[in-house]
Amino acid sequence: MEMRFPEVETPDEASLEKGRLLFAGETEFLKGVVAMSGLPPADRVEVCFAGRSNVGKSSLINALTGRKGLARASNTPGRTQEINFFTARDIYVVDLPGYGFANAPVAVVEKWQRLLKQYLQGRQTLRRVFVLIDARHGAKAVDEEIMSLLDSAAVTFQVVMTKTDKLKGEALKVSLDKTRAALAKHPAAYPEILLTSSEKGDGIATLRAIIAGIE
Ligand SMILES: Nc1nc2c(ncn2[C@@H]2O[C@H](COP(=O)(O)OP(=O)(O)OP(=O)(O)O)[C@@H](O)[C@H]2O)c(=O)[nH]1
Ligand SMILES: [Mg+2]
């Protein structure tokens, strides 16, 4: 049977408005966590952004909230070094350290990776993991590893292609098709793929609506 992974269609007006409202208030930084014991109480819906270092996780959170400096983004891979919790009205939005290459000592990177995996597998209220993939590079071995981990833990994830402003039409389509093919092997994958550009704002309203629709 052929499996299809469609792109996300534009949500209806009511969903877009719900998404806009979710991020229209002050999104606050709550805390940065370096150990499982530091996690805030699991008492509300939580979504997180995972992906390789430099893929654009922090930039995407800034784009969602419309606040450029909220999550620290940087050209230096490995910028985000803690599990950072933000509160958008009644939900937690979580920025994660990148996996894969990071400009930090090996022992430090291993410590983050351990924490990251514990968090992804063991957080009861984590409703959806957004797995960010650079539209130019596609899914790499480390992405496959994280997606398999999420399959095993039965945590639903949805792929978000980032930096789509860096690719033109046909190249973007090729990258999207490859990513679809990679997703076919992952039972925990949400079927629709999001195309975003934090730089240009593409896909941001849609992502807000998706997050607002998660219960
Ligand atoms: N052109 C373009 N550049 C982007 C986009 N999103 C992020 N970037 C750039 O990519 C670099 C990395 O962005 P970050 O948001 O810090 O990436 P990250 O995934 O949080 O990285 P780590 O915290 O190191 O894991 C920065 O220089 C951003 O300006 C985008 O949509 N388009
Ligand atoms: Mg970051």
How long is the gap from [atom1] on [X] to [atom2] on [Y], to the nearest 0.5 Å?
| X | Y | atom1 | atom2 | result |
| --- | --- | --- | --- | --- |
| Leu21 | Leu16 | CG | CG | 11.0 Å |
| Glu144 | Met147 | CD | CE | 4.0 Å |
| Leu176 | Leu195 | CG | CG | 5.5 Å |
| Leu115 | Ile83 | CG | CD1 | 4.0 Å |
| Leu64 | Ser198 | CG | OG | 7.5 Å |
| Leu120 | Ile146 | CG | CD1 | 5.5 Å |

*Tyr119: what forms a ring-ring contact (aromatic ring centres under 6.0 Å, His included) with it, not counting sequence neighbours?*
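Residues passing ring-ring contact (aromatic ring centres under 6.0 Å, His included) with Tyr119: none at all.
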
Please answer whether the main-chain N or O of [Y] pairs with a side-chain N or O of [X] as donor and acceptor at a distance below 3.5 Å.
| X | Y | value |
| --- | --- | --- |
| Lys31 | Gly38 | yes |
| Ser175 | Ala135 | yes |
| Thr206 | Thr10 | no |

_Polar side chain donor-acceptor pair, Asn62 to Ser59, under 3.5 angstrom_ = no

*Contact list for residues 119-136, test salt bridge (charged side-chain N to carboxylate O under 4.0 Å, His left out), sequence neighbours left out*: Glu46-Arg123, Asp134-Arg136

*salt bridge (charged side-chain N to carboxylate O under 4.0 Å, His left out) partners of residues 66-77, not counting sequence neighbours, each pair once*: Glu26-Arg67

*asked:* Quick check on ring pair (Phe, Tyr, Trp, His ring centres under 6.0 Å): which of Phe85, Phe86, Tyr92 does Phe29 satisfy it with?
replied: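 Single pass found, and it is Phe86.
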
*Of the options Tyr190, Phe157, Phe49, which is the one that meets Phe130 in a ring pair (Phe, Tyr, Trp, His ring centres under 6.0 Å)?*
Phe49

_Go through it in stages, so that I can follow the logic: the residues are Leu22 and Arg208, the test is side-chain contact (heavy atoms from CB on, under 4.5 Å), and I'd like the CA-CA distance, side-chain angles, deciding distance and then a yes or no._
CA-CA 7 Å; Leu22 177 60; Arg208 287 190 190 119; over 6 Å; no

*Go through the steps to decide whether Ile204 and Leu60 satisfy the test side-chain contact (heavy atoms from CB on, under 4.5 Å), and finish with yes or no.*
CA-CA 8 Å; Ile204 301 302; Leu60 194 59; 3.6 Å; yes

*Is any side-chain heavy atom of Leu150 closer than 4.5 Å to a side-chain heavy atom of Val131?*
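Heavy-atom side-chain distance check passes, below 4.5 Å.
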
*Any side-chain heavy atom of Arg44 within less than 4.5 Å of one from Asp90?*
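Contact flag for Arg44/Asp90 side chains = no.
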
*Between Glu145 and Lys117, does a side-chain contact (heavy atoms from CB on, under 4.5 Å) hold up when you go through it step by step?*
CA-CA 10 Å; Glu145 194 191 323; Lys117 288 179 181 175; 2.7 Å; yes

*Before giving the answer on side-chain contact (heavy atoms from CB on, under 4.5 Å), spell out for Lys163 and Glu199 the whole-Å C-alpha distance, their side-chain angles and the decisive distance to 0.1 Å.*
CA-CA 7 Å; Lys163 310 192 188 183; Glu199 194 105 337; over 6 Å; no

_Looking at Asp177 and Arg180, is any side-chain nitrogen of the basic one under 4.0 Å from a carboxylate oxygen of the acidic one?_
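Salt bridge between Arg180 and Asp177, a charged N being under 4.0 Å from a carboxylate O: yes.
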
*Salt bridge flag under 4.0 Å for residues Glu170 and Lys173*: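 Result for this pair is no, no salt bridge flagged.
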
